Asks: 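For reference, the structure I am asking about is given below.
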Amino acid sequence: MSKKFITPVGDEGIYTLDTGSWRTFKPVMLKEKCTNCGLCMIFCPVGSITGDENKIYEIGYQYCKGCGICARECPTKAIIMVRESIE
Amino acid sequence: MKEIRFHGRGGQGVVKSAQILVETVVEGGLYAHFIPFFGVERKGSPVFGFLRIDDKEIRVKCQVYHPEVLMVFDDTLLNLPQTFLGLVDHGVVIINTEKTVESLPLPEKPMKVFSINATGIALERFKKPIPNTAMLGAFAKATGWVNWQILQEKIRLAFNNDNALAAIDAYENVQLVKQEEF
Amino acid sequence: MNYIDLIRQSEDLVTAGMSACQGCGAELCLRRVLQVAGRNTILSIPPGCMAGAGVVGWNFDNGLKIPVHIPLLDNTASFLSGVTNMYQRKNRPDVNIIAFAGDGATADCGFQSLSGAAERGEKLLYICYDNEGYMNTGFQRSSTSSKGSRTSTTPVGKVQDGKSQNQKYMPLIMAMHNVEYVATASPSNMKDMVDKVTKGIQASKKGFAYIHIFSPCPTGWGHETDQTIEVARKAVKSNFFPLFEVEQGKWKLLDNKNPIPVSDLLNLLRKFSHLSPDDIAQIQELVDKRMDLLRKLSAA
Amino acid sequence: MNTNQNRIVAISGNKSAAMGAALSRPDLIAAYPITPQSSVVESLAQMIAQGDLNSTMIQVESEHSAMSVVQGAAVAGGRTFTATSAQGLALMYEPYFRMSTLRLPMVMAIATREMTSPETVWSGQQDAVSVRDAGWIQVYVENNQEILDMIIQGYKIAEHPDVLLPVNVCYDGFYLSHLTERVEIPHQPAVDDFLGVYHADHVSLDPDTPMAVDPLTSGEILWRYRKGHLDAMQKALQVIEQTDDAFEQVFGRRYGGVIDTYKMDDADFVIVTMGATTGTAREAVDVARSLGMKIGLLKVRFLRPFPDKKIREILSGKQGFVVIDKNVCFGWNTGVLYMEIKAAISELGHPISSMPAIGGLGGADISVDQLVTCIQVLVKQGSQQPGQLDTYWFQ
């Protein structure tokens, strides 16, 4: 008997929304001001900011919703929000 | 099928004693069942229940309307109108009392009355006014329907030796005090 | 390990794209909690913003990389009681059993099962993300909505002025259950939150643990999406949301010696924009009284 | 099988339910006290306290949580048990519905009871029949032996890969729950053999196989789950029969599967019962036959799935029937079982006389004499007119 329609379960993959398309402003990191403290990563609600093994932090745009928390919380004002424009 | 109705008060161990009788009959290889009447049992309030004994499976699951035997755990219950309701002619009534049969309020009806001071026996044997195990001894003797050896064993198992001794006392002292009149 | 390194090195176990609002405090907290907990975790997320945001999956897909279930709105703690007992029975006490529930599922209809599970000392960590209302259904009041708060069911009108009742204060209620661990946490104080989640998970191996997280909601509360952390920070600094923990009966309170006035927080939030100076003074008084009580409890 | 090792005891219906559950070795039991069920969980707690039963017992704060705890344990792969009655079942409804729609097998005993109002604690079947459309399998039993046997069979049916549904074993509150009678207790190894070990492989919450249990599911997909659930119910009709056969082979007792009949072969009229009234009605059939009435008995054992085909076969050649309902079907002026049977016979192709009868509400007794009188009314009126007769009330 097929197990597909017995109990509803999600085991075929990860459900992912294109939240990158939600932005009207996007955060841009000014690397010359960045001290790589990592607070932007800590406070990013969507997990779009990652740090590598050298503790260098970077913003990924695929899922960034453009909330602006990183820009506001950056202690050195190294992130600015810029208007998205149609490419 | 033999049908017996129990009348007692909450705290007198009516249900427990009836269950012991069922266990006794079942262990003897026959069939029995007991349905307590489903009131809200409170210490002192009247309680009753229905016992059936048969040599084949008992199918009915309802109250007993025409008992052959009444087990009356307390002579004060004799005044209640429902106590004698439906008792068959020449039925057996087993009463826990220390009074004489003449002073008991019995209806005018052909019946056999057995008397036993079950509360007195209980107080003597285990210092508690719980007449149920003594009543079982009286029942065994008065009806002859259960295996007396097994019953004593079951009482010992459910309670203790003092209760079994109370049953034996009652077995030996239960009196037929009235028979087949009217 | 430094908490920043811990988060940097931990796998994000939540789907990369989930349907939570921009600047959602709860999404932030969920990701961080699971980074601390790791893959050896079973999560229950009752109906609410986080479940609605798709992390319990959609059709045949999961929204997390770990096993997750959406219990009923009112049975998260009892459902997980069954799960954790089976895991103890299967001799797998290493599996973290965690609830991530909103305030409605915690303080309102889920309160009975939560209290029951806490009283029984079930081995699980129950986290409440408190955004002070039913935000997934459009900001109706809950029992944790703050006094004075405008909600869709306690509107501001000619004869009514937002929520007139005081907030039910869950952290103390849970502390009074004498459980293994109780704490409050705020996303603004992330190191503290990471520490507390770590402790909560450890405590859940011995008994019941409860963490109450202050979870700003830009959509419902009416602040800019980038202000989420600032709002949370001001809530802590004004003692509007005190940070404390009770570890096996031992109290520890983060006491702000010079708290900012609560108006600094309230002024950021549209849900309080109708309040008069008198109203704000009343809220300040409530906040001060609660802080006094917490000081007494933690001084003992 | 060495049946000598079976024990004969005299126990109450609740104790019988507890013994049946214990013999099935549940991993986890959760329960909350309610009259008349309470002594089921008291007995189980006692067995655990004595070390006779190795189950985890969770003393919850409500029936809602009782069902939720067993649900959690079931999703985590456990075999579970609980018991309830009336208001407890009503409080449980939310996770109760979910248990079946998550397709989690388990057994729950219901010591059936009247629903308030008026305030009552006594017998009746209103509670259990009210949840007949919540996706559970429901069996109604006649005596204490059947309680025990059907709890064991219940697990076998519930866990069958073609079924995967939870099962209610419903027995009349007080009339069985508090009735003490002879019960044969099967030997544990025989039950272990019969049931086997439960492995849930259609759903689990386990970090080793991460999955979302109950993700959001849209309408274009959801219907498949409902259809699968209905199909499983229909397959259960077969599984119930097979299980009864298999049970008889091991334990020597059979119950007839989804229905049972008594003195039906030459009967013109039929009395239909469900639950403990059946035994009393068997006696009434004997009495009525001695009075010259050609009456037989149909015992409906399963209300869900409903054995419509078998019932239609049984009733097809008969002149009329009466259905004894210890419940009411609001809106139809009858009991629930009557309506179900009426639906089942709608395809007979010829009219048949039928009488709804309602009694036993709130613990009211139904005696042999009363049933004989009811049969007399059926035979008299049913001989005169086909179709639905006036509802007969036991007073």
Side-chain angles (χ1 to χ4, degrees), chain A residues 3-27 35-58 60-75 77 79-81 84, chain C residues 2-32 34-35 53-65 67-70 187-191 193-194 215-216 218 224-233:
Chain A
K3 279 187 258 160
K4 179 103 177 171
F5 292 106
I6 303 175
T7 297
V9 293
D11 57 357
E12 294 179 3
I14 297 291
Y15 156 77
T16 310
L17 267 184
D18 173 23
T19 52
S21 65
W22 292 12
R23 285 192 305 271
T24 46
F25 289 88
K26 76 174 190 181
T35 60
N36 287 311
C37 69
L39 282 179
C40 53
M41 170 201 69
I42 287 295
F43 291 129
C44 174
V46 302
S48 278
I49 305 178
T50 50
D52 63 14
E53 58 275 25
N54 299 318
K55 306 188 184 184
I56 306 298
Y57 294 89
E58 197 178 345
Y61 294 103
Q62 196 176 355
Y63 300 103
C64 167
K65 294 173 185 170
C67 68
I69 290 177
C70 52
R72 184 176 279 264
E73 293 303 320
C74 176
K77 303 282 168 230
I79 300 175
I80 54 167
M81 299 302 288
E84 283 280 355
Chain C
N2 172 313
Y3 82 101
I4 294 179
D5 290 341
L6 178 103
I7 295 301
R8 182 172 51 79
Q9 290 169 23
S10 304
E11 184 185 12
D12 190 351
L13 295 173
V14 183
T15 176
M18 67 182 271
S19 179
C21 300
Q22 292 166 325
C24 174
E27 178 177 357
L28 169 64
C29 295
L30 174 63
R31 288 184 195 275
R32 299 298 165 267
L34 289 186
Q35 280 176 301
V55 294
V56 192
W58 176 259
N59 292 345
F60 307 110
D61 289 338
N62 199 341
L64 300 178
K65 296 172 187 166
V68 59
H69 170 66
I70 176 168
S188 58
N189 297 48
M190 194 56 84
K191 178 183 185 309
M193 184 189 290
V194 167
S215 182
E224 297 304 324
T225 61
D226 65 350
Q227 286 178 307
T228 296
I229 301 302
E230 192 184 337
V231 166
R233 188 178 295 120

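Please read all numbers here as calculations on a predicted model, not as lab measurements. Per chain, numbering begins at 1; letters A, B, ... match sequence-line order.
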Asks: Under 4.5 Å from any heavy atom of chain C, what part of A:E12 do you find: side chain, backbone, both or neither?
Replies: both

Asks: Contact part of A:C70 toward chain C, heavy-atom cut-off under 4.5 Å: side chain, backbone, both or neither?
Replies: neither

Asks: Do you know the tightest heavy-atom contact between C:R31 and C:V14?
Replies: NH1-O, 3.4 Å

Asks: Near A:K77 NZ, under 6.0 Å, is it more than 12 heavy atoms from other residues, nucleotides or ligands?
Replies: yes

Asks: With a 4.5 Å heavy-atom cut-off, do A:C64 and A:C44 have their side chains touching?
Replies: no

Asks: Where along residues 6-13 of chain C does a heavy atom come under 4.5 Å of chain A, listed by residue number?
Replies: C:I7, C:R8, C:D12

Asks: Which region of C:A26, side chain (C-beta onward) or backbone (N, CA, C, O), has a non-hydrogen atom less than 4.5 Å from a non-hydrogen atom of chain A, or is it both or neither?
Replies: neither

Asks: Please test A:F43 against A:C74 for side chain to side chain contact (heavy atoms under 4.5 Å, CB included), starting from the C-alpha separation and ending with a verdict.
Replies: CA-CA 10 Å; A:F43 291 129; A:C74 176; over 6 Å; no

Asks: Need one label for C:L30: side chain, backbone, both or neither, based on atoms under 4.5 Å from any heavy atom in chain A.
Replies: neither

Asks: Please classify the contact of A:D18 with chain C as side chain, backbone, both or neither, using a heavy-atom distance under 4.5 Å.
Replies: neither

Asks: Side chain of A:N36, backbone of A:I56: donor and acceptor closer than 3.5 Å?
Replies: no

Asks: Around atom CD of C:E230, are there more than 12 heavy atoms of other residues, nucleotides or ligands at under 6.0 Å?
Replies: yes

Asks: Can you tell me which portion of C:C29 sits under 4.5 Å from chain A's heavy atoms? Options are side chain, backbone, both or neither.
Replies: neither

Asks: Measure distances from C:A232 to the heavy atoms of chain A and classify the residue's part below 4.5 Å as side chain, backbone, both or neither.
Replies: neither

Asks: Need one label for A:V46: side chain, backbone, both or neither, based on atoms under 4.5 Å from any heavy atom in chain C.
Replies: both

Asks: Do you know which of A:L17, A:L39, A:T19, A:D11 has the most heavy-atom pairs under 4.5 Å to chain C?
Replies: A:L17

Asks: Tell me, side chain or backbone of C:Q227 under 4.5 Å from chain A's heavy atoms, or both, or neither?
Replies: both

